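Input: a single structure, listed below in structure tokens.
Chain letters run A, B, ... following the sequence lines, proteins first, then strands; residues in each count from 1. All heavy atoms count here, side chains included; hydrogens, waters and symmetry mates do not. Nothing here was measured: the structure is a model prediction, and the numbers come from that model.
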Amino acid sequence: MVQREKVRAMEEEYNAQEVENKWQSRWNESRIFEPEPDEREKFLITIPYPYLNGNLHAGHTRTFTIGDVIARHKRMQGYNVLYPMGFHVTGTPIVGLAELIDNKDPETMDVYTRLHRIPEDILPGLNKPEKIVDFFSVEAEKAMRSIGYSIDWRRKFTTTDPTYKKFIEWQFNLLHEKGLIVKGSHPVKWCPNDNNPVEDHDILHGEQATIVDYTLVKFEYNGMILPCATLRPETIFGVTNLWVNPDIKHVKVKVSKDGKDEIWIVSEEAHTKLTYTDREVEFIEEVPSETLVGIKVTNPLTGKDVITLPASFVKAGNGSGIVMSVPAHAPFDYLALKDLYEKDLTEYGITEDLRDIKLISLIDAKEFGEYPAVEAVEQLGVTDQNDPKATEATKMVYRREFHGGVLKENTGKYAGIAVSKIKDALTRDLIEQGIGEIFYEFSEPVICRCGHKCVVNMVKGQWFLNYSNPEWKDKVYRCIEKMNIIPEELRVEFNNKVDWLKDKACARKKGLGTRLPFDQDWLIESLGDSTIYMSYYITNKFFAQGIEPEKLTAKLFDYVLLNKGTVQATAIDTGLDEHLIAQMRNDFEYWYPVDMRSSGKDLVANHLLFFLFHHVAIFDEDKWPRSLAVNGFVSLEGQKMSKSKGPILTLKEAIDTYSADISRMYILSSAEQTQDADWRNTEVESAKKQVERFYKLAMEIIDSDGKSGLAGELKLIDRWMLSRLEQCVRDTNNDMTSLRTRGALQNAFFLLYNDIKWYQRRGGSAVLYDVLNRWVRLMAPFIPHICEEIWSGMGHDENEFVSLAAYPVFMPEYIDNDAELAEELIVNTLSDIEEIIKVTKLSPKKAVLYTSPQWKNDAFKLAISMQNGGELNPGKLIKTLMAEPDNRRYGKEIPKYVQKMVPDISSMKTERFEMLNDFKLDEKKTLEENIECLVNEIGCPIEVYTADEPEYDPEKKSRFASPLRPAIYLE
RNA sequence: GCCUGGGUGGCGGAAUUGGUAGACGCAAGGGACUUAAAAUCCCUUGAGGCUGAGUCCUCGUACGAGUUCGAUUCUCGUCCCAGGCACCA
């Protein structure tokens with residue numbers, strides 16, 4: 001007997017590893033996650049494939065688990081779901097890692113044994129990129145299988161597969177033909193001493209520095225050019241003069257670009273910087289600075305002549321060393337000009353009165369009048385150009401004008417355009433007219449490790465993806481507009497990023513990857529080859545069966561992915577079977593577009609953008625992605641994770657320690673989609689207990705000869721339980737639609753669990769089996785293994801997977817307001833009694849309850865109906881009540897009660913209001929029927945009366961009774 | 001600096017379109033069961049205050065104003081935090 005009980009107990013103990021292995025192999029054997037096109041609606045969800053320079057970690061775990069839970073939820077909702085996975089290995093990090101391992105770099109060896117947990121006998125062998133790829137792709141797949149992702153593994157690939165390279169070549173040829181890949185130059189941080197680009201870790205000072213693109217405006221003087229660098233080219237229209245610092249050295253140089261020669265006058269330092277740009281620069285001679293002051297130069301855009309004036313604030317190292325002055329909109333310019341009013345400038349040959357220089361206003365901003373700079377200076381009380389408040393005034397004007405400013409009539413064809421939108425368009429026009437150029441400069445000085453000052457260097461002859469192309473961008477905006485973006489707040493961010501995106505260098509000399517098909521010297525950069533590969537999952541189901549890469553011609557991809565040409569022609573071109581090609585085409589047509597791409601937020605400004613750009617460039621509009629979801633990061637016990645420094649928690653470690661279901665449950669419940677999650681061991685432990693409790697409760701229900709109780713008579717508490725269950729079903733589904741996995745688990749797990757416990761505490765049991773039947777399906781996407789185990793425990797056949805069962809759909813007929821209000825009455829009464837006991841420190845021998853008198857019920861209902869009609873007014877309510885002769889005897893109490901009740905009702909939420917609107921509840925009967933529960937909880941006999949006829953009321957407590965709050969007397 | 005998001009108990013965090021702030025979880029404390037422990041269950045937990053037994057009161061959502069019958073929520077200003085700012089995946 002004792003022996004038998006022990007065996008039984010062991011079975012009840014949940015063995016995660018065994019159960020999870022079992023269901024993983026059953027899923028695998030039955031191929032339920034290997035979908036083929038059928039008559040159902042499809043759902044293609046993809047997650048960015050992991051980059052394999054290490055083991056999968058908690059960050060991957062989160063993103064992939066979110067994807068899996070969506071896939072499983074959609075699958076249970078009846079969609080034909082495809083969730084594929086591949087491996088990203090293109091680029092330099094894996095090559096770098098192989099070198100480090102080959103050199104036995106101590107830090108690398110340490111990080112990869114200790115943090116990535118690679119056995120010491122294996123690690124030294126990973127000294128070639130290919131070996132690293134082989135090793136980690138096997139490890140990653142194992143890890144993802146062990147956490148139970150519903151991935152179709154037939155479609156996996158790595159980005160160095162010969163067939164994948166064919167696909168990438170096709171794509172890049174296509175983009176090249178469309179003119180979206182162009183040759184050009186691009187600016188990099190450069191150390192003149194090392195003669196090399198500097199990366200962030202090579203920088204001693206100025207890691208924060210960014211490369212800022214100034215517009216260089218070419219003012220003319222005697223056939224020579226005085227270029228001025230500005231961040232606000234639109235202010236050219238307001239230039240009244242230039243500033244030249246007579247105390248710095250200026251030089252005359254010959255500048256050649258695109259076969260055009262010009263003579264420029266710039267500061268000596270600017271000359272040095274120019275030599276690193278994509279211009280040929282030849283020194284001619286020094287120019288005495290004073291000869292540059294007081295001369296007339298021509299504004300290239302307006303054709304007007306303006307004078308050059310002396311200014312000590314102009315720094316040789318900033319821009320060209322010559323500055324244009326816009327006193328109407330730039331406080332510094334205004335102050336500097338004003339400071340000169342009283343100065344004698346005859347030494348520069350300037351005799352005219354500077355007060356005659358009229359400020360030119362060109363921007364309308366709602367906070368300002370004609371001259372924003374003047375207003376800002378006066379408002380802040382800035383005294384002169386050396387006043388620190390001048391900077392503040394500049395910021396203020398700049399910010400307001402940039403965000404709310406619009407160009408005025410005097411800007412000609414630009415009039416009416418927002419200041420925030422003008423820079424790129426205007427700069428392009430200036431360049432076209434040959435009167436402007438782009439000039440790159442750091443936002444702050446950058447010093448190399450070697451101690452030298454860095455410059456911006458133009459790397460020439462580089463291949464670019466022409467993301468700045470306005471038509472291309474327009475298509476992306478259109479795509480975003482039609483897309484579902486989760487969370488919605490990110491839509492603005494995406495649009496901003498599209499706006500900000502410039503041409504991107506897309507080729508490298510080093511690393512793994514595919515050669516640029518039209519220029520074999522270059523390798524395609526790794527973000528560029530990861531843009532439309534979701535379509536490759538579809539074709540790779542066929543390729544992976546062993547098709548020679550040579551057969552993957554451009555015609556094949558044209559036909560399958562773009563529906564160009566015919567199946568016959570494609571068959572001849574490739575030597576592949578017509579039927580096979582038709583099948584590929586058919587599969588693609590079925591599965592594409594991507595229904596959802598879900599990713600970590602680190603990819604917003606790069607991969608996700610490129611994903612959109614390439615899709616709109618290559619595919620027809622009906623194949624553009626439909627939705628995009630972004631999730632936050634994961635930290636470990638409050639610390640940021642780091643692949644190279646730690647801490648790091650690998651997926652495998654999490655599974656080994658906590659099991660698949662618990663890791664899934666925890667990562668999904670600990671934070672909502674966009675928030676960063678923090679992995680804390682104490683909370684994972686608690687998740688473990690919760691899941692075990694769930695299993696135990698399920699087993700108890702099954703063991704107690706569980707069967708449906710819906711056919712029998714339902715008591716109040718049963719109806720309450722079913723009503724609560726449906727609320728959870730509804731809320732869970734709503735949460736899942738918006739990818740709020742945390743909210744979904746709150747509803748599907750914690751709240752429902754608490755309700756079930758209360759149901760049991762109240763003596764309910766009739767519908768437990770029915771609740772479990774829905775509950776286990778509700779939870780299946782989150783913790784699928786344990787749910788399969790329970791599902792089979794409930795008597796489902798080996799091939800009836802809960803993973804394929806129907807997800808519970810909200811059944812409004814089970815919502816029972818009266819049952820919920822009745823239960824609320826009982827809970828309220830109970831807690832009121834307990835509170836009184838606590839305050840009085842009584843141990844009651846008897847409790848007496850008085851339910852609300854009829855007149856208060858009437859008053860309450862009347863108030864509700866008045867509120868319903870939108871005119872709840874205490875005076876009117878009192879009058880109406882008093883008009884009833886029977887109510888006269890409560891003449892004193894009515895106003896008191898109304899005054900108290902009206903604010904409660906008028907501040908009610910609509911949901912609550914609707915619930916009370918038509919409630920019918922006999923409070924006395926309800927309390928009497930559930931007296932047993934109250935007696936058990938309080939531990940003394942209880943009597944119930946209505947306040948209308950209190951048979952026993954020694955302290956006149958009955959007068960406190962009101963609807964849903966019975967009065968209480970204890971003795 | 002620019003862009004985006006955020007600031008609520010001891011902690012993680014809830015609070016549909018403005019409607020009883022602090023759901024749910026963690027941690028902590030108390031109690032029950034147990035020889036004991038674990039597990040489980042029950043109670044308390046924003047701060048402060050009063051009482052004749054309490055179906056209680058006051059204050060509280062970074063700070064300062066404003067709109068509103070009513071503001072964590074909307075507007076303006078201030079302070080603080082996180083992420084992104086690229087040729088790297």
[X] has a side chain; which of [options] sits nearest to it?
X        : options             : result
A/Leu751 : B/A86, B/C24, B/G13 : B/C24
A/Lys502 : B/A86, B/C26, B/G12 : B/A86
A/Asn496 : B/C3, B/G25, B/A86  : B/C3
A/Ala505 : B/C87, B/C88, B/C11 : B/C87
A/Glu493 : B/G25, B/C3, B/C88  : B/C3
A/Phe633 : B/G83, B/A89, B/C41 : B/G83
A/Lys497 : B/C43, B/G84, B/A89 : B/G84
A/Arg693 : B/C85, B/C41, B/A89 : B/C41
A/Asn754 : B/C24, B/A14, B/C88 : B/C24
A/Ser686 : B/G25, B/G12, B/A89 : B/G25

Candidates A/Asp735, A/Asn733, A/Asn734, A/Thr732 - the one meeting side-chain hydrogen bond (donor to acceptor under 3.5 Å, both in side chains) with A/Asn747: A/Asp735

5′-ward residue of the pair A/Lys689/A/Phe750 relative to RNA chain B: A/Phe750

Residue mapping more 5' on RNA chain B - nearest nucleotide basis, A/Gln690 or A/Val492: A/Val492

P spacing across the pair B/C81 / B/A65, given as an integer number of angstrom: 24 Å

A/Phe613 and A/Tyr467 aromatic ring geometry - parallel, tilted or perpendicular at 30°/60° bounds: tilted

Partner of A/Tyr666 under ring pair (Phe, Tyr, Trp, His ring centres under 6.0 Å), chosen from A/Trp679, A/Tyr658, A/Phe749: A/Trp679

Neighbour count >12 (heavy atoms, 6.0 Å) for atom NZ, A/Lys856: yes

Rounded interatomic separation in angstrom, taking CG from A/Asn631 and C1' from B/G83: 14 Å

Where the chi angle of B/G5 falls, syn if within 90° of 0 and anti if not: anti

Lys/Arg-Asp/Glu bridge criterion (N-O < 4.0 Å) met for A/Arg491, A/Glu488: yes

Pairing annotation in dot-bracket form, given for RNA chain B with Watson-Crick or G-U pairs under 3.5 Å and | for cross-strand partners: (((((((..(((......[....))).(((((.......))))).((((......))))..(((((..]....))))))))))))....

